[in-house]
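Data first, discussion second: the structure below is written as structure tokens.
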Amino acid sequence: MPTTLLAFLGACTLIAASPGPSTVLIVKQSLHSRRSGFLTVLGNETGVFIWGVVAAFGLTALLTASEVAYDVMRVVGAVVLVGFGIQALRQARRAKGADDRAWEGAPKSGRHSYRGGLLLNLANPKAAVFAMSFLPQFVPEGAPHLPAMVGLAALWAVYEVGYYGLYVWFVGRLKSVLSRAGVRRRLEQVSGGVLLLLGVRMALEG
């Protein structure tokens with residue numbers, strides 16, 4: 001069991017270290033505040049846990065078996081990504097020429113940040129399919145399948161809260177540099193462009 005857990009946590013580290021839409025959104029939200037970044041992390045990991053539970057009950061198999069269901073979810077995910085990307089680009093454009101205080105604008109609520117992280121994760125069909133293929137590999141032989149899968153999903157989510165929390169902390173440590181309006185505007189432009197491209201790529205995938 002300890003060997004299995006170590007292997008599982010190692011795999012979780014590799015997954016979290018792979019850049020993706022969630023990483024981009026977490027860093028983007030952390031530019032506003034640590035609170036916003038951390039709540040985005042919590043929203044994202046709630047989505048990870050939900051997909052893990054869904055996989056434990058075998059429901060994600062329905063998604064992979066139905067091409068129509070997968071395509072619908074893929075299009076929805078693409079729309080969500082494009083929406084986040086456009087929002088970031090618009091914010092960077094509005095901030096052009098603004099001072100540091102003007103950049104902040106109206107503070108985003110914690111609910112907004114949490115919902116953004118959750119929505120981005122749940123709208124990604126690849127996250128569902130990945131959970132279904134990833135978690136069963138680490139269920140110990142002879143262990144009851146459902147409780148083990150749910151437990152691994154919870155461990156996966158909690159571990160990533162700590163991992164992505166380091167991103168939030170690191171961005172906060174660089175606040176003296178990142179708080180400059182020009183730097184933050186450029187980072188918003190980059191994150192917005194990346195999210196937009198990821199959304200287009202998801203929409204074009206067959």
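Quick note: residue numbers are just sequence positions, from 1.
- In this structure, the separation between CD on Glu45 and CG on Leu118 is 11.0 Å, given to the nearest 0.5 Å.
- When atom types are taken as modelled, the side chain of Thr46 and the backbone of Leu42 share a donor-acceptor pair closer than 3.5 angstrom.
- Here the closest heavy-atom approach between residue Val53 and residue Ala153 is recorded as N-CB, 4.3 Å.
- In this structure, OG on Ser36 lies 8.0 Å from NZ on Lys28, to the nearest 0.5 angstrom.
- Tested against Gln29, the residues Ile26, Leu25, Leu31 include a single side chain to side chain contact (heavy atoms under 4.5 Å, CB included) partner, Leu25.
- Under the side-chain contact (heavy atoms from CB on, under 4.5 Å) criterion, Val158 pairs with no residue, sequence neighbours left out.
- Residues Ala16 and Tyr163 approach most closely at CB-CD2, 3.5 Å, considering heavy atoms.
- Nearest heavy atoms, Val80 versus Ala123: CG2-CB, 3.9 Å.
- Within the 4.5 Å cutoff, side-chain heavy atoms of Leu5 are placed close to those of Leu155.
- In this structure, Trp51 is a member of the same hydrophobic cluster as Phe57, with clusters built from ILVMFWY side-chain heavy atoms closer than 4.5 Å.
- Looking at every heavy atom in both residues, Val150 comes nearest to Ala56 through CG2-CB, 4.0 Å.
- Among pairs with a residue in residues 115-135, those fulfilling ring pair (Phe, Tyr, Trp, His ring centres under 6.0 Å) read Phe8-Phe134, Phe130-Phe134, Phe134-Phe138, Phe134-Trp156, at least two apart in sequence or across chains.
- Interatomic distance, OH of Tyr114 versus CG of Leu119, reported as 12.0 Å (0.5 Å rounding).
- The nearest pair of heavy atoms linking Arg173 to Arg34 is N-NH2, 3.6 Å.
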For this session: Would you check, one step at a time, whether the test ring pair (Phe, Tyr, Trp, His ring centres under 6.0 Å) holds for Tyr167 with Phe170?
Result: CA-CA 5 Å; Tyr167 283 44; Phe170 184 72; 8.5 Å; no

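- Counting heavy atoms from C-beta on, the side chains of Arg111 and Leu39 never come closer than 4.5 Å.
- Note on Val72: it does not cluster hydrophobically with Val79, by side-chain heavy-atom contacts below 4.5 Å among ILVMFWY residues.
- Note: the hydrophobic cluster containing Leu89 also contains Ile86 (ILVMFWY, side chain heavy atoms under 4.5 Å, direct or indirect links).
- Within the model, atoms OG1 of Thr4 and CD of Gln137 stand 12.0 Å from one another, a figure rounded to the nearest 0.5 Å.
- Applying the side chain to side chain donor-acceptor pair (under 3.5 Å) test to every pair with at least one member in residues 11-23, sequence neighbours left out, gives these pairs: Thr13-Tyr159, Ser22-Asn44.
- Taking NE2 of His32 as the reference point, atom OG1 of Thr40 lies at 9.0 Å (rounded to 0.5 Å).
- To the nearest 0.5 angstrom, Leu81 atom CG is 7.0 Å from Asn124 atom CG.
- Follow the hydrophobic side-chain contacts under 4.5 Å out from Leu152 and you reach Leu9 in the same cluster.
- Shown here for Ser30 and Val168, the closest heavy-atom pair between the two residues is OG-CG2, 3.4 Å.
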